[in-house]
Amino acid sequence: KGLWTSKVIFGKSSGPEFVQEIYTAITYHNKSPDFYEEVKIKLPAKLTEKHHLLFTFYHISCQPKQGASVETLLGYSWLPIQLNDRLQTGHHSLPVALDKLPLHYSIHSPEKIPSQTPPIKWVEGHKGVFIVEVQAVSSVHTQDNHLEKFFTLCHSLESQVTFPFRVMDQKITEASLEHELKLSIICLNSSRLEPLVLFLHLVLDKLFQLAVQPMVIAGQTANFSQFAFESVVAIVNSLHNSKELSKDQHGRNCLLASYVYYVFRLPDPQREVVKPGSSAVSTESRYYTFGRTSAVSVGSKLLQSRVISCSNPDITVTQSANDEEVKNIMSSKPVDHSSSRMSYYVEGTNDMSGLCASTRPSNKKHFHEELALQMVVSTGMVRESVFKYAWFFFELLIKSMAQYVHNTEKQDNSRRSRFSDRFKDDITTIVSVITSEIAALVVKSPKESEQAEKINISLAFFLYDLLSLMDRGFVFNLIKHYCNQLSNKLNSLSTLISMRLEFLRILCSHEHYLNLNLFFMTSASAPASPSPSLSSQNSSSCSSFQDQKITGMFDLSPEYRQQHFLTGLLFTELAAALDADSEGISKVQRKAVSAILSLLSSHDLDPRCSKKEVKIKIAALYLPLVGIILDSLPQLHDFTISDIRSGKGRTGNPEEEQESSGAINQNVALAIAGSQFNIRNSGIPLVSLPYRQIATLGPDTTRNLLICFLWIMKNADQNLIQKWIADLPSMQLNKILDLLFICVSCFEYKGKQSSDKVSTQALQKSRDVKARLEEALLRGEGARGEMMKRCRIPAGNDRSAGVNENLRWRKEQTQWRQANERQDKTKAELDQEALISGNLATEANLIILDMQENIIQASFAAECRDNLLGGVLKVLVNSLGYDQSTTYLIHCFATLRALIAKFGDLLFEEEVEQCADLCQRVLHHCSSSIDITRTQACATLYLLMRYSFSSTSNFSRVKMQVTMSLASLVGKSPEFNEEFLRRSLRTILAYAEEDIDMQATPFPIQVEELLCNLNGILSDTVKMREFQEDPEMLMDLMYRIAKGYQTSPDLRLTWLQNMAEKHTKRKCYTEAAMCLVHAAALVSEYLSMLEDRNYLPVGSVSFQNISSNVLEESAVSDDVLSPDEDGICSGRYFSENGLVGLLEQAAELFSTGGLYETVNEVYKIVIPILEAHRDFRKLTLTHSKLQKAFDSIISKGQKRMFGTYFRVGFYGSKFGDLDEQEFVYKEPAITKLPEISHRLEGFYGQCFGEDAVEVIKDSAPVDKRKLDPNKAYIQITFVEPYFDEYEMKDRVTYFEKNFNICRFMYTTPFTMDGRPRGELSEQYKRNTILTTVHSFPYIKTRINVIHREEFILTPIEVAIEDMRKKTQELTAATNQEPPDAKMLQMVLQGSVGATVNQGPLEVAQVFLAEIPADPKLYRHHNKLRLCFKEFIMRCGEAVEKNKHLITADQREYHQELKRNYIKLKENLRPMIERKIPELYKPVVKVHSIRESFRNHSFRKYDAQTSSQST
């Protein structure tokens, strides 16, 4: 093969790069050779008709004769490169010439070469014997008929051609040119995709040129606009529909996107007919291919020009013009509002079109106008495709408009005069029609709804770009019509708000968003200069305060919406989303809040907005958002409640708490002074409590909304904020305080521990994953089942993050991903996260503190103090309850000291409960390990005492509160440090001794007394810490401490609640509830002393039905302690609300513990109080809880398990006080003897050494003399509740047999010779009955044994007891409803089975075979006989019942049971029927002729006996 004289053939790797000819290999001895090699040829840029491929054929001699050539020439063939100016590709069958080829052979094809002289010899008579395939890879030659024809016809218009001319096989005359061109335009979409993609830019450019360029053909003007537009639409459609072509994340075809951004330029409209020769330069200069590097640089420039609009007045680029409107608005001269944007917002379409019309000849078309016109007039499928791929046509419009403005140098013209009225009308029509299309599609199938969302986004970006090019008033009108149009056509509120939000979110991302919203024209401050000084701003603010009420600035008024158009629209959507309650609204709410958060973030990061005065104006623009947030207060997520539910307070996550002995679980004693829940239920309730039913916003949405609120409060003019607060009514101020309260809980610093290590929660998640995986493998469930369930759930119900609902699998929402998320981050990233989290928490809390300062200054200056001090204190105390930075704590303590100094009287008289909380929080910080925090806390606590003393000359109440706080602190806090607290107490004592002003008063002495008491409590704490690992001993110690405070009700209450917390942590819910019942009984005792109300319980006596142990709370009488004394019973719980709170918590815990009957008894005390208070909401809730409890009793019934009891005895001097002590332990249900044995042995083994502890295996009496004095012995025995027969009449239900029990029994088998077990005839039993000092359940899980009694059963009595038990089991199994066949057969088998050792038959043979010789045993013998009689009768009933329960495959088994039963009955019959005659002798001796006593007449007998006596 070769190309004559041209080195264009690519050489092989071993040779030069290009060669002139190339040879191919063939197969040996093949008469039909196959030339299988592929040859690559570089075609010249300019091809002529002489260019051809020449093929030369040789014969190769493998064994040549001597002197002969190896190669023998056979013939030639050739293939012209072009035919009719087109590359010849595909398969060709060529003839082979045997002679030398004539001159100029290449201009003909070998098949059609004319006759030659002499004639050419051909192989096989000119047949095509050589088959060759040619493929072209070219970006110059189209290789597609449709494209070839189109380009040729376009070229005929641009160049001087002679008619007619040939296009492929067709002749084109001047008359048919227009028709053929239209036909070729229509057929463009029929071309193959590959060449169409290769020549896409050129095709689109030609079509756009045809659309705007008037063509004169054969003397008549031809219009190709519609055909060209429809062809473009068809091409766009086919490119998008192709699965082979890539799309970006928005579903846009990448080829079209790159064409618009990099290639498109306005078609040149300056000539009607392109003259010959003039097009070459322009065409060649326009159509070229970008190199890789140049494309990147050009692309970056174009993108930069897109981001930085030419309307930006701050950019000094030559081609950008200053924005006239912004210049007018920003100028220092007074603004003439008649020419401002707002005026042409109202008159959007009254433009000066004359100027534009006069400058343009009527016969010229502008591309943007033509494109808009074609979009308007399109119909049918074309119209649908335009809508579907609107993004492309919008981008074309925008770029063509920008280039038009630039080319015609209209940057300096008024925006009104840049474009014609006709074009504006077309744009209005386009927006209106597309809005209608969006409304129609969005309510259809999910696929069409998704398409509607994309069109909506495209429309938003189109208007976004129009704001930089057209009159903004006109664009605002379009936005207004869009919103109104959607409102009229959509019924679904969530869909409507979602679409409008997405639309507005894009518009608000405009770089001149603030200027578009006239942010500098807020009514608070309208400066004359763009950057006024603070003093001038304040002066202008003062003047505007006179014109308009400040509070109006925080409302979304019509005036605000008119002046700040886009922001007003966004706030309107947010308010509508927050007010709505339709399905799927949570996603919309999240989207609305995120949009505003993104805006504020962009302002904060914008260097143009870095100046303080600018931020003040921006914050003023967002002031109505504050009103919206306050209105949505009931819907915010309450982080305080979620903290309690999750067990999260000051202690980290609940799993860690269970590991840490000192940790506290917040969902136990919610009533303990200082817990978050108490603050919520304090004397001054949150305003939001009455209407807070459920948080409709998720935690993330609420958090984002609160960030917006805090940003505004931080950056707004503080004078303005203070004046606003001064004008607010107290209800609104309380709302603000509620909001600040939630903010504190929301922005808590979580610390490094939550991110620096994989938390136990993540560990638990991984365990869950393992369990799910096992389940998936074994049962085919697990993750796959979850996925299937998710597929079945409708998309609207999903309240999770806004992810596309059509996704088959959402990894980020499964446990599989979450468990390992943290491990993907480096330590540096985790440290950075912790740092940011800490900074955010500090910043947020400092803003909250500033806000409180503003409230205090503004409201107290205006003398409106009612309830506000309590609200402010509540927020401050709440903030002290969370982990805070030292920076914040310094400022917070300073604020607290100022409050104490300024409003001490109010604090100590009216805010008693807040004062108690404050003491607890401050005391906690006194134990801090950080010196500065400890110093601040000490100073604050001392000041609290000092002012309390100054205001009342006796600070007994504060003393009691501090003492209670410390008692609560040492009982629960894991962060409590005794050493640091002792240092703080010494510091406070030093303050008292060095305070010169107080030396003349008894204050220093009282402080010293208080600190002595506190040190005593700390000593108790040291003891408690010794027993942290022994929960029973720890509870005993806490019990003793509580007992020691019998004369101090406040402290006893605190310790009872501490015990409740510990119990709940160990999941002993019943004992925790009992602690709270005792606390409630204590409160009722003192309430009954203070006031006599018939609806209140009269004291602890009223609680007897709940527990008989409660009577111990009545030990303190009023002669010992008066509740009227200052500081006594001053806690929040010594009130009716406090009593109800304690009982409600107790009821919840009883319900958790499964004691539903006790829930009823608790609410019997609560309901009269609620009725007296007329609290019908709580009554509704109470009765619903009662219904739930009763339902649980019905549904669970006998299935509940209340606990297992063990007798535990301690022996050995190593136990100290516990030596020879006996206890009954209550353990969780189904606890086995080895479990408690292992636990106690393990614990005491750690204390005394493993070798020193020994568990006594039997339950026989312990002889201490036989024990090793150097060892510790533990005896553990399973015991059961014991009741006398008379008690069993009242204890009917399973619950009654497990509640209020103080007597327990265990059995010890023995024989007379010392062995535990023997034959039936020698087997004795010892029944031991233990009585405890209190009844179970109690406030402890172990109770001392105070009395024991024993009785011994003889062998026959043991047999009687055993047979009674067997009979009871049979009766229960027979009468069970619904019947249980397996249980019945199991009991029956054990009763009548032939091989049962020591079974009924053997018992009968031992004790009933002979009448006993000892008359004392007659009664027992007869009892046993009657027991067997009943037993065999019950066996018969059971066999009969089994007959009706068995299945077909069990008949043989049943027959076996029946045979065994009959056999047993026959064996027992003689023994059952044998009676002891002595037991059946008549009571009186009968003298009668009648043989039968039963026929004897007693009347006659009486007569006879009387006559005999006489």
Side-chain angles (χ1 to χ4, degrees), residues 1-11 16-22 38-56 76-95 97 101-114 130-162 164-172 184 191-192 194-203 206 276-277 279-281 283-289:
K1 292 181 185 178
L3 230 185
W4 195 254
T5 69
S6 301
K7 288 192 176 183
V8 291
I9 302 175
F10 285 84
E17 185 179 1
F18 290 101
V19 294
Q20 184 175 330
E21 57 186 17
I22 197 164
E38 186 177 274
V39 179
K40 185 177 177 185
I41 299 171
K42 185 175 89 170
L43 291 178
K46 189 170 183 180
L47 291 172
T48 66
E49 58 184 10
K50 292 182 179 179
H51 281 90
H52 65 284
L53 297 175
L54 176 62
F55 304 97
T56 308
Y76 304 93
S77 188
W78 71 97
L79 178 68
I81 298 288
Q82 283 187 318
L83 179 66
N84 295 330
D85 293 332
R86 290 192 68 228
L87 290 180
Q88 290 209 73
T89 56
H91 286 81
H92 300 275
S93 184
L94 303 177
L101 297 176
L103 293 174
H104 308 298
Y105 66 91
S106 62
I107 60 174
H108 304 286
S109 65
E111 304 97 322
K112 300 178 181 178
I113 189 167
F130 172 58
I131 299 171
V132 64
E133 182 188 358
V134 180
Q135 291 181 0
V137 180
S138 172
S139 59
V140 178
H141 302 272
T142 60
Q143 302 170 68
D144 182 271
N145 293 340
H146 301 295
L147 290 177
E148 187 72 30
K149 183 177 179 182
F150 172 70
F151 284 134
T152 306
L153 292 175
C154 288
H155 178 69
S156 71
L157 288 176
E158 296 172 356
S159 307
Q160 187 70 32
V161 293
T162 306
F165 62 90
R166 181 176 293 277
V167 178
M168 290 177 287
D169 298 332
Q170 187 179 2
K171 284 186 179 179
I172 306 293
S184 73
S191 58
R192 289 182 299 111
E194 187 179 347
L196 181 62
V197 167
L198 281 171
F199 295 91
L200 179 66
H201 298 173
L202 197 56
V203 170
K206 293 285 187 190
S279 64
V281 178
T283 306
E284 286 179 7
S285 65
R286 281 195 55 202
Y287 303 124
Y288 56 93
T289 306

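The chain is numbered in sequence order, starting from 1.
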Taking all atoms of both residues into account, what is the closest heavy-atom pair of [X] and [Y], and its distance?
X	Y	answer
Glu111	Ser93	OE2-O, 3.8 Å
Leu198	Ser138	CD1-O, 4.0 Å
Pro80	Ser109	CG-CA, 4.1 Å

Please round to the nearest 0.5 Å and tell me the distance separating atom [atom1] of [X] and atom [atom2] of [Y].
X	Y	atom1	atom2	answer
Lys40	Ile9	NZ	CD1	13.0 Å
Glu148	Leu87	CD	CG	8.5 Å
Lys7	Glu17	NZ	CD	12.0 Å

Practice task
Output yes when a side-chain donor or acceptor of Trp78 lies under 3.5 Å from a complementary backbone atom of His108, and no otherwise.
Solution key: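 Yes, Trp78 side chain to His108 backbone: donor-acceptor pair under 3.5 Å.
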
Practice task
Mind checking side chain to side chain contact (heavy atoms under 4.5 Å, CB included) for Pro16 and listing every partner two or more places apart, or none if nothing turns up?
Solution key: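 Partners of Pro16 under the side chain to side chain contact (heavy atoms under 4.5 Å, CB included) test: Val19.
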
Exercise for the section: From the options His141, Gln88, Lys50, select the one residue that forms a side chain to side chain contact (heavy atoms under 4.5 Å, CB included) with Gln82. Expected result: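 Filter result, single survivor: His141.
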
Practice task
Check the surroundings of atom CD in Glu194: do more than 12 heavy atoms from other residues, nucleotides or ligands lie under 6.0 Å from it?
Solution key: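 At most 12 heavy atoms, drawn from other residues, nucleotides or ligands, come within 6.0 Å of this atom.
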
Handout entry: Test side-chain hydrogen bond (donor to acceptor under 3.5 Å, both in side chains) applied to Thr48 - qualifying residues, sequence neighbours left out
Key =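 Testing Thr48 for side-chain hydrogen bond (donor to acceptor under 3.5 Å, both in side chains), a comparison that skips the adjacent residues, returns His51.
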
Problem - Those residues that, when tested against Ser77, pass side-chain hydrogen bond (donor to acceptor under 3.5 Å, both in side chains) (two or more places apart) - result: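 For Ser77 there are no side-chain hydrogen bond (donor to acceptor under 3.5 Å, both in side chains) partners, ignoring immediate neighbours.
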
Handout entry: Distance flag, aromatic centroids of Phe10 and Phe18, threshold under 6.0 Å
Key =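 Ring-ring flag for Phe18/Phe10: true, centres closer than 6.0 Å.
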
Contact check, side chains of [X] and [Y], non-hydrogen atoms, under 4.5 Å:
X	Y	value
Thr89	Gln135	no
Leu53	Ile41	yes
Phe151	Phe199	yes
Tyr105	Leu54	yes

